[in-house]
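For reference, the structure is listed below as structure tokens.
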Amino acid sequence: MAASSATKWAYLLCTSLLIMIICIELTECTVTYDKKSLIINGHRRILLSGSIHYPRSTPEMWEDLIQKAKDGGLDVIDTYVFWNGHEPSPGNYNFEGRYDLVRFVKLVQKAGMYMHLRIGPFVCAEWNFGGFPVWLKYVPGISFRTDNEPFKMAMQKFTTKIVQMMKYEKLFESQGGPIILSQIENEYGADTQAYGAAGHAYMTWAAKMAVGLNTGVPWVMCKQDDAPDPIINTCNGFYCDYFTPNNKETKPTLWTEAWSGWFSDFGGPLPHRPVQDLAFAVARFIQKGGSFTNYYMYHGGTNFGRTAGGPFITTSYDYDAPIDEYGLLRQPKYDHLKALHRAIKLSERAIVSADPAFISLGTYEQVHVFSSKTGGCAAFLANYHINSSTTVRFRNKRYDLPPWSISILPDCKNVAFNTAQVGSKTSLVNWLPTNVNRLAWQTFSEDVSTVDSESKMTVSGLLDQLSVTRDASDYLWYSTSVAINPSEFHRNVVPTLTVESEGHALHVFVNGELAGSAFGKEETRKVTFTGNANLRAGMNKIQLLSVAVGLQNNGPRFEQWKTGVFGPVVLHGVGRGSWEISHQKWSYQVGLKGESKNIASPMGVSSVDWTESSLLGQVHRPLTWYKAYFNAPQGVEPLAIDMKSMGKGQVWINGQSIGRYWTVHAKGSCTGCNYAGTFQPTKCQTRCGKPTQRWYHVPRSWLKPTRNLIVVFEEIGGDASAISIVRRSFK
Ligand code: GAL
């Protein structure tokens, strides 16, 4: 049985490769669809797809990731297109390095795979500002994602640019390329209500605009029940077997986001989705007639630089995906899904040739059979009970089914796969040491005392952070001064300061000393600081360093969400007791001195005087830069920097931003995990009571053999002497 299945499997692979080759030669390439599936060059297909977002790994990793996806039994790679990475300022395009989209698509083609290009250009994706460039917000008269001319013009211009680029490189399937499907917008349906009639007009416009680009391949809109013809409405979710598309007589049932795990935010635990449940969800979808499943994510990767949105999304976008953040196979997830894919492929001909016949065998037991003269027979036997195994009779044979599971019978007789029976072992992460520890650090301190005198802007009142920084930096200084008479102090009363901020983090300095910090979190974005204010008679400086941790990435009118100190800012215990200083004159300074001097890069690192002094005195000093040099660790294992001894900040290696780090401990519930039963992200969490993210990916390709520059900026205070680089492996 095993040998004959393997032969069938090889045959199927060969035929799909052959179809691609023939298509290129005859230039008769088409992608159409009917109610059963997408139809590629005349063939109905059950397609298995996985999301790999190109900027979340390095170009050096791409080929390996794509090959691993192919070896895992996938036919299609799916990616969003990240507008803010491609157009950092209006009309200045970037398609280099991690943003080399054409190179990525061509690697998919080289591997003999298809591509689903989700242009958006709104992408959500836990990506900064949902993928929109921040400059877009400041286009006069603009309103995002609604019937607004400046927005529609900008969206059309970018979408057209991407489509033209792909056409020029002959990358659509209609031209012999790998792109079989494209997406316009992203889950707009949920937000339509907030925009009313203008929302509907915008969605209809977006659909028409996309179709008018004549790519020769179908367009989808996900979670858009009213998507107009010929656009296909698709499903996103943990389960999609309930879903029917916008016309079930003419459209196939496609699942554009089968969530393989979930994202994490700083301060929260790490989500984990058991593969038995993921496989069960996919089998449920296919048995109902679904014909395209995309794992979101198949490789999640890393939010390098300041690309994480949210706010509060971690730098790791591991997602508990089948390929981990570092490009290693996560077991048993990877192998179990591979086995599922094989069973589905063995059933493909039967599934595309017949509609499923449904037989109920009891409250929890179900059978779906695809049977026709031309396609043969495939059956799915399901047990929905979350605790009990069961035995079902089907065509005079008995089949045992574990709880919450489906068995796939590609010939209606023999079980090729059961979603709950996992063969491979669980991979356990093993961090191995390298020689990069005890680095010879030098330090440079941000000079708080000169921030206000160097400020170029002073106005009355508190400004929105984004309107001042335009996201050129995470950091914005708000500085003011308060003159206090000796008579205004009260005996036995320690003055305090309260600051209300819209987030995301806040460091408060009084007369040059850190009075304390306050941090927001995913659920409550507002930040309130209350602390003692070390005030003295005469002039006092109050300086607030407001820190963004990624911009809002979704929700109706998310571009209008506020960031930064909005007040009130109030002194207590001096003068008349409660003294609001929000409306007085504040000076603004964007970014840090170290940022303006570019000291994280090899070019700028020498532009300040670094101190060689022993680190002992530096421990827990706020607003401190650290730099050191190291030689690349031997070996081939992926690398990470262990930041357990540090607080919060950013790290760069050879001028490349590893991303934000923050060792805030995860709060939440991490109580066991049963694969059975409906999944939600809080179900099987881990790392409660430990830093949400302690290790940060250092791509090997960013290193030279010797003298690599590492720069760390620490906001709160940490012990840099304990920073080390480690190798990741699985045991
Ligand atoms: C979806 C969205 C994706 C991603 C996902 C959660 O709703 O379409 O872009 O944000 O949620 O990871």
Side-chain angles (χ1 to χ4, degrees), residues 49-56 77-85 116-132 144-145 181-194 203 206 219-225 227 231-240 243 254-266 268-273 278 281 292-303 307-323 325 522-523 550-556 558 561 679-683 685 692:
S49 170
S51 290
I52 301 179
H53 295 158
Y54 51 99
R56 284 178 154 144
I77 299 292
D78 158 301
T79 184
Y80 281 127
V81 175
F82 298 88
W83 186 358
N84 50 13
H116 175 206
L117 195 66
R118 304 175 83 193
I119 301 179
F122 170 69
V123 298
C124 189
E126 292 68 70
W127 191 260
N128 200 40
F129 225 36
F132 288 140
F144 288 4
R145 303 177 78 202
L181 204 61
S182 290
Q183 180 178 301
I184 193 76
E185 250 295 338
N186 189 79
E187 295 192 340
Y188 189 67
D191 291 349
T192 319
Q193 257 196 335
M203 187 278 293
W219 286 89
V220 302
M221 279 181 153
C222 58
K223 284 198 172 180
Q224 193 71 54
D225 295 344
I231 304 245
I232 310 166
N233 172 36
T234 65
C235 184
N236 293 346
F238 289 111
Y239 306 91
C240 275
F243 175 81
L254 314 182
W255 189 359
T256 35
E257 291 182 28
W259 297 323
S260 58
W262 200 240
F263 56 83
S264 51
D265 47 77
F266 286 118
L270 293 192
H272 163 64
R273 184 171 191 193
L278 179 57
F292 175 103
T293 300
N294 174 66
Y295 297 102
Y296 186 101
M297 304 292 297
Y298 197 73
H299 167 257
T302 310
N303 294 315
T307 58
F312 300 111
I313 297 297
T314 52
T315 294
S316 168
Y317 198 64
D318 179 85
Y319 222 89
D320 194 36
I323 305 178
E325 176 180 6
E522 227 276 286
E523 322 82 75
L551 302 178
Q552 185 65 29
N553 75 318
N554 63 8
F558 70 87
W561 283 52
F679 180 79
Q680 18 90 16
T682 52
K683 196 176 159 191
Q685 304 181 122
T692 305

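First listed ligand is number 1; within each ligand, the first listed atom is number 1. We count residues from 1, following the sequence as given.
Per-residue contacts place Tyr319 under 4.0 angstrom from the following atoms of ligand 1 (heavy atoms of the residue considered): 6 (C), 12 (O). Atoms of ligand 1 found under 4.0 Å from any heavy atom of Phe263, numbered from 1 in the order shown, are 6 (C), 12 (O). Residue contact check: Val123 has heavy atoms under 4.0 Å from atoms 9 (O) of ligand 1. If you number the atoms of ligand 1 from 1 as listed, the ones under 4.0 Å from a heavy atom of Tyr317 come out as 12 (O).
With Thr256 as the partner, the side chain to side chain donor-acceptor pair (under 3.5 Å) test is satisfied by one option alone out of Asn294, Asp78, Asn236: Asn236. Looking at Tyr80, Phe82, Phe144, Phe558 one by one, the single match for ring pair (Phe, Tyr, Trp, His ring centres under 6.0 Å) with Phe122 turns out to be Phe558.
Checking Glu257, Glu126, His53 against atom 10 (O) of ligand 1, the nearest heavy atom belongs to Glu126.
Neither the backbone nor the side chain of Phe122 comes within contact range of ligand 1; no heavy atom lies under 4.0 Å.
Taking the six-membered ring where tryptophan is involved, the planes of Trp259 and Trp262 are perpendicular, since the angle between them exceeds 60° and thus also 30°.
Pairing each heavy atom of Tyr319 with each of Ser260, the nearest pair is CD2-OG, 3.8 Å.
For a threshold of 3.5 Å applied to N or O pairs, the pair formed by Trp262 and ligand 1 contains no separation below that value. Considering backbone and side-chain N/O atoms, Tyr80 comes within less than 3.5 Å of an N/O atom of ligand 1.
Note that Arg118 lies outside the cation-pi zone of Tyr54, set by a 6.0 Å cut-off to the ring centre and a 45° limit from the axis.
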Item to complete: Would you please test Phe679 and Tyr239 for ring pair (Phe, Tyr, Trp, His ring centres under 6.0 Å) and show each step?
Response: CA-CA 9 Å; Phe679 180 79; Tyr239 306 91; 7.9 Å; no

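With hydrogens left out, the protein atom closest to atom 7 (O) of ligand 1 is Glu187 OE1, 2.5 Å, a heavy atom.
Judged by distance alone, the side chains of Gln552 and Asn554 do bring a donor and an acceptor atom under 3.5 Å apart.
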